[in-house]
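All residue numbers refer to positions in the sequence shown, counting from 1.
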Amino acid sequence: MLILQINTKIMAIDLKFLDYLEDFLTENRKERFLEVLANRTNHFTIAMEDVYQLHNTSAVMRSCEVFGIQELNVVEQKFGKRIDTEIAMGAQKWVDINRFDSMQNCIDNVRAKGYQIIATTPHNDSCMLHEFDITKPSAIFFGTEKQGLSQEVIEQADGFLKIPMVGFTESLNISVSAAIIIQDITSRLRQSNINWKLNDEEILKKRLTWTKNSIKDIKRIEERYYASL
């Protein structure tokens, strides 16, 4: 009961602050936020393992943003922070990026949130994309450009997924694979009866974050607001 009361109080404060900040936005901007958030989901999340090429991480981030997946998990164990903001085209403002220094930390984190681990791999045991069960909250893992997913992920995966291909080539570029999979599963999700949308608290948090990201000199405005309380 105490936790519920605290959360309710926090939400009330956030709403008041949000009302204040939204005065700095146009009506079109505020309506656009609500429209986009109505199509956002945390039913699926995406994880990338130590991708070396800058543009691949950024391109996957853009696919998450375009097709409505709110969280992207990036493991930066070997190559460090490699998100190219130019290629991401501002997507980093609208997608939540969770960074991990090891694959195990990433796996443990998404499991704790209730996701099953799905490894993308062209191996024979993999489920075809059109047969993939979208009802379960899933973390879709993508591997490196050359080696694919590490054995660490393969051994802990709850399932395997692959894109049907009929040509001589056995694999696609990681950013292309991610775009195809994300578009397919999110499209099917929206046509289903699954409760895939963000809840009220998640929407409020995103509205607040996106509003803050849209206002220049936000630190000064925040200081002025809290000084007036």
Side-chain angles (χ1 to χ4, degrees), residues 40-123 125-127 129 132 134 136-163 165 169-187 189 206:
R40 278 292 200 263
T41 187
N42 281 323
H43 185 78
F44 295 126
T45 188
I46 303 299
M48 300 182 65
E49 179 178 10
D50 273 322
V51 174
Y52 179 74
Q53 295 294 336
L54 287 173
H55 68 274
N56 281 330
T57 304
S58 300
V60 173
M61 187 195 309
R62 288 181 67 186
S63 292
C64 287
E65 203 287 314
V66 167
F67 297 119
I69 290 183
Q70 187 56 44
E71 290 195 355
L72 171 64
N73 306 280
V74 180
V75 177
E76 300 167 320
Q77 187 169 334
K78 297 178 181 178
F79 305 121
K81 297 181 179 181
R82 306 194 61 82
I83 292 177
D84 184 351
T85 56
E86 182 178 350
I87 296 173
M89 298 291 285
Q92 70 276 7
K93 292 172 62 176
W94 317 117
V95 173
D96 298 329
I97 310 298
N98 305 317
R99 289 186 161 97
F100 300 93
D101 58 7
S102 75
M103 177 53 70
Q104 192 59 55
N105 286 341
C106 179
I107 292 173
D108 292 343
N109 181 272
V110 295
R111 276 205 192 282
K113 293 178 178 178
Y115 292 109
Q116 64 172 345
I117 308 299
I118 300 297
T120 56
T121 170
H123 299 314
D125 292 336
S126 299
C127 169
L129 178 57
F132 178 64
I134 63 169
K136 298 179 180 180
S138 303
I140 314 295
F141 279 70
F142 294 89
T144 59
E145 292 91 342
K146 293 183 179 180
Q147 285 79 29
L149 283 169
S150 65
Q151 197 62 28
E152 187 174 9
V153 179
I154 299 297
E155 290 176 354
Q156 298 183 67
D158 301 300
F160 304 92
L161 177 63
K162 66 180 177 182
I163 299 169
M165 288 179 277
T169 305
E170 294 184 351
S171 64
L172 292 166
N173 176 276
I174 180 176
S175 61
V176 175
S177 297
I180 291 172
I181 290 174
I182 293 170
Q183 192 279 333
D184 180 271
I185 61 177
T186 55
S187 293
L189 194 64
K206 287 299 96 190

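- To the nearest 0.5 Å, atoms OG (S150) and CE (M103) are separated by 5.0 Å.
- Between F44 and I182 the shortest side-chain heavy-atom distance does not fall below 4.5 Å.
- Of all non-hydrogen atoms in Q70 and V95, the two that sit nearest each other are O-CG1, 3.4 Å.
- Within 6.0 Å of NZ on K206 lie more than 12 heavy atoms contributed by other residues, nucleotides or ligands.
- In this structure, S126 contributes its side chain and T121 its backbone to a donor-acceptor pair below 3.5 Å.
- For the pair N109/C106, no side-chain contact is recorded, criterion being any heavy-atom separation below 4.5 Å from C-beta on.
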Determine, stepwise, if the pair Y115 / N42 fulfils side-chain contact (heavy atoms from CB on, under 4.5 Å).
CA-CA 10 Å; Y115 292 109; N42 281 323; 3.8 Å; yes
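- Atoms CE and CG, from M165 and L129 in turn, are 10.5 Å apart once rounded to the nearest 0.5 Å.
- The structure places CG of L189 at 11.0 Å from CG of D184, a figure rounded to the nearest 0.5 Å.
- Annotation for V60 and A178: closest pair CG2-CB, 3.8 Å, computed over non-hydrogen atoms.
- With sequence neighbours left out, the side chain to side chain contact (heavy atoms under 4.5 Å, CB included) criterion links Q183 to F67, S187.
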Take K136 and I118 through the test side-chain contact (heavy atoms from CB on, under 4.5 Å) and record every step on the way to the result.
CA-CA 11 Å; K136 298 179 180 180; I118 300 297; over 6 Å; no
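- Rounding to the nearest 0.5 Å gives a distance of 9.0 Å between CD of Q104 and CZ of R111.
- Interatomic distance, K113 NZ to E71 CD, rounded to the nearest 0.5 Å: 4.0 Å.
- Interatomic distance, I97 CD1 to C64 SG, rounded to the nearest 0.5 Å: 7.5 Å.
- Here the side chains of F141 and V110 are in contact, with some heavy-atom distance below 4.5 Å.
- No side-chain heavy atom of H43 sits under 4.5 Å from any side-chain heavy atom of I185.
- Scanning for side chain to side chain donor-acceptor pair (under 3.5 Å) contacts around N105 gives D101, S102, with sequence neighbours left out.
- Applying the salt bridge (charged side-chain N to carboxylate O under 4.0 Å, His left out) criterion to D108, with sequence neighbours excluded, gives no partner residue.
- For the pair D96 and R40, the salt-bridge criterion is not met [side-chain N within less than 4.0 Å of a carboxylate O].
- When the side chain to side chain donor-acceptor pair (under 3.5 Å) test is applied to T45, the partners found at least two apart in sequence or on another chain are N73.
- Between the T41 side chain and the I69 main chain, no donor and acceptor come within less than 3.5 Å of each other.
- I107 has its side chain within reach of Q156: a pair of non-hydrogen atoms, C-beta onward, lies under 4.5 Å apart.
- In this structure S138 satisfies the side chain to side chain donor-acceptor pair (under 3.5 Å) test together with Q116, sequence neighbours excluded.
- Residues meeting the side chain to side chain contact (heavy atoms under 4.5 Å, CB included) test with S177, sequence neighbours left out: F142, I163, L172.
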